[in-house]
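Quick caveat, the model's predicted, so the values are computed rather than measured.
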Amino acid sequence: MTTETDQRESVYTTKAKDCLLDEIFDCGQCFRWDRNEDGSWSGVAFGHKLRAAMRGDTLALYGTDKAGFDAIWYDYFDLGRDYGEVKRRLSDDPVLAQAAEYSPGIRILRQEPWETLCSFIISQNNNIPRIKGIISRLCENFGEDIGGAWSFPSAETIARLAPGDLKPLRCGFREKYILDAANKVASGQIDLTALADMPLDEARRTLETIKGVGPKVADCALLFGCGRIECFPVDVWIKRVLACFYPDGFPEKYLPWGGIAQQYLFNYARNCPECGLN
DNA sequence: CGCCAGGCTTCTA
DNA sequence: TAGAAGCATGGC
């Protein structure tokens, strides 16, 4: 929406290579961003609204300033990582080279741990439009008003709810999973910030103590919410990729960037008509 | 109507 | 301990 307030809103710009917002926001890693008619994207993260647009190789961030960029958005967009270098390393492998070429502007967003865990619990046996709807209702019902948008409700807020309060979300059997996750996080039984530095298998086992969290949801939470770029979540699409292109398993030499490789492969398998998997 | 959706839990042999 | 059934909901 273009209004007077939009024209007055502050903007921060920065150079960003290997950065295409349509690919970043539409590859299934996040659920709170929507494309505007002018091609820019609006969303909420870390309790702040933002509108983002690419102008050539410049990333323009509306509704923030240098302080906000330094505190939140630089890490959120993973701007400290050289994706060109990652792609050069992955491109030894012809399938990875092709997948990366198909979506050259994907970046892995560093999202809030609790929001990411909760979102991927909701994602199980579900489709992306409905996932976005459920999360939107979760924020509208239990988040804080941040001025024309809602923050993602904290684990503490969800943990205080009475049984049945999540009914308006229409999230089905996932309701009890969300509550169990919120209880374990809010009580301190699980410290999500500690997962960033824990041995990976220990971090996985910790998350899998939550009802409704298995290997795939745990790896998504670790990859997108805890900065564990070596996580390689295996879902139905990746299973097809592995069966077709890597019958002997995914090459270990690429695992240091496994999560980035996974996003290239996931998007390629799902969306590229020529890949033969969809 | 039936099938499927970025899975997981539970039941069964 | 592997493999199938069941799970809420909504779009097609």
Side-chain angles (χ1 to χ4, degrees), chain A residues 22-33 43 99 102-103 106-141 158 161 163-185 190 203-226 228-246 250 258-272 275 277-278:
Chain A
D22 290 351
E23 295 179 2
I24 290 170
F25 293 130
D26 214 18
C27 68
Q29 64 172 322
C30 58
F31 305 99
R32 295 208 68 203
W33 289 87
Y102 181 70
S103 324
I106 287 182
R107 307 180 73 86
I108 304 292
L109 296 174
R110 174 80 185 253
Q111 304 175 63
E112 281 186 274
W114 161 248
E115 172 176 343
T116 310
L117 170 62
C118 195
S119 296
F120 279 93
I121 286 173
I122 291 166
S123 80
Q124 66 182 96
N125 194 234
N126 214 339
N127 56 65
I128 290 178
R130 205 168 83 91
I131 297 164
K132 290 180 79 167
I134 292 169
I135 292 172
S136 162
R137 292 190 287 278
L138 175 65
C139 297
E140 286 167 25
N141 279 277
I158 302 301
L161 297 180
D165 283 353
L166 290 180
K167 272 276 169 57
L169 306 190
R170 305 196 298 279
C171 65
F173 61 87
R174 304 165 190 84
E175 192 172 327
K176 53 186 177 292
Y177 300 159
I178 294 170
L179 290 175
D180 189 53
N183 284 328
K184 287 193 164 81
V185 171
I190 292 179
R204 287 194 179 107
R205 280 198 306 273
T206 301
L207 285 172
E208 287 174 17
T209 63
I210 299 167
K211 288 192 185 64
V213 176
K216 195 271 179 180
V217 170
D219 271 8
C220 283
L222 289 167
L223 172 58
F224 302 121
C226 302
R228 302 302 295 257
I229 208 73
E230 72 273 39
C231 273
F232 187 87
V234 177
D235 69 346
V236 287
W237 292 100
I238 294 297
K239 277 180 188 158
R240 287 171 204 162
V241 169
L242 294 176
C244 181
F245 299 118
Y246 304 100
F250 186 67
I260 299 173
Q262 193 268 9
Q263 276 306 102
Y264 291 137
L265 292 169
F266 173 79
N267 211 47
Y268 178 63
R270 259 191 30 162
N271 297 326
C272 177
C275 78
L277 295 174
N278 50 38

Those residues that, when tested against A:Arg228, pass salt bridge (charged side-chain N to carboxylate O under 4.0 Å, His left out) (two or more places apart): A:Glu230
query: What is the distance, rounded to the nearest whole Å, between atom CD1 of A:Ile128 and atom C1' of B:dC4?
result: 14 Å
task: Check A:Val241, A:Val234, A:Asp235 against A:Trp237 for a side chain to side chain contact (heavy atoms under 4.5 Å, CB included) and give me the one that passes.
output: A:Asp235
field: Interatomic distance where CG belongs to A:Asp235 and C1' belongs to B:dG7 [whole Å]
entry: 10 Å
Return a table of donor-acceptor pairs under 3.5 angstrom between the side chains of residues 164-171 of chain A and protein atoms on other chains or two or more places apart.
from: A:Asp165; atom 1: OD2; to: A:Ala162; atom 2: N; distance (Å): 2.8

task: Measure the distance from CD1 on A:Ile178 to P on B:dC8 and round it to the nearest whole Å.
output: 15 Å
Test side chain to side chain donor-acceptor pair (under 3.5 Å) applied to A:Ser103 and A:Asn271, A:Asp22, A:Asn267, A:Asp26, the passing residue: A:Asn267
message: Just the rounded figure in Å: distance from C1' of B:dG7 to CG of A:Leu117.
response: 14 Å
A:Lys211 atom NZ: more than 12 heavy-atom contacts under 6.0 Å: no
task: Take the angle between the ring planes of A:Phe224 and A:Phe120 and call it parallel below 30°, perpendicular above 60°, tilted in between.
output: parallel
field: Rounded distance in Å - CG (A:Asn127) to P (B:dC3)
entry: 17 Å
- prompt: How far does the P atom of C:dA2 sit from the matching atom of B:dA5, given to the nearest Å?
  reply: 24 Å
field: Distance in angstrom units between A:Arg170 CZ and C:dT9 P, rounded
entry: 9 Å
- request: Could you tell me the separation between the CZ atom of A:Phe232 and the C1' atom of B:dG6, rounded to a whole number of Å?
  value: 13 Å
- line: Contact string for nucleotides 1-8 of chain C, one letter per nucleotide 5' to 3', B = base within protein heavy-atom range under 4.0 Å, S = sugar-phosphate only, - = neither, reads ------BB
task: Give one of base, sugar-phosphate or nothing for A:Glu175, where a contact means two heavy atoms less than 4.0 Å apart.
output: nothing
query: How far, in whole Å, is C:dG3 from B:dG6 if one measures between their P atoms?
result: 24 Å
- prompt: Taking the same atom, C1', in B:dT9 and in C:dG10, what whole-Å distance lies between them?
  reply: 22 Å
message: Check A:Asp180 with A:Lys184, please: is the shortest side-chain N to carboxylate O separation under 4.0 Å?
response: yes
- prompt: When all nucleic acid strands are considered with a 4.0 Å heavy-atom cut-off, which category describes A:Gln262: base, sugar-phosphate, or nothing?
  reply: base
field: A:Phe266 CZ to B:dG7 C1', straight-line distance once rounded to whole Å
entry: 13 Å
message: Using a heavy-atom cut-off of 4.0 Å across all strands, would you classify A:Gly28 as base, sugar-phosphate, or nothing?
response: base
Nearest-nucleotide 5' precedence on DNA chain B, A:Glu208 against A:Arg240: A:Arg240
- line: The answer to which of A:Gly212 and A:Pro233 contacts DNA chain B further toward the 5' end, by nearest nucleotide, is A:Pro233
- request: Quick one: label A:Pro129 by what it contacts on the DNA or RNA (base, sugar-phosphate, nothing), any heavy atom closer than 4.0 Å.
  value: nothing
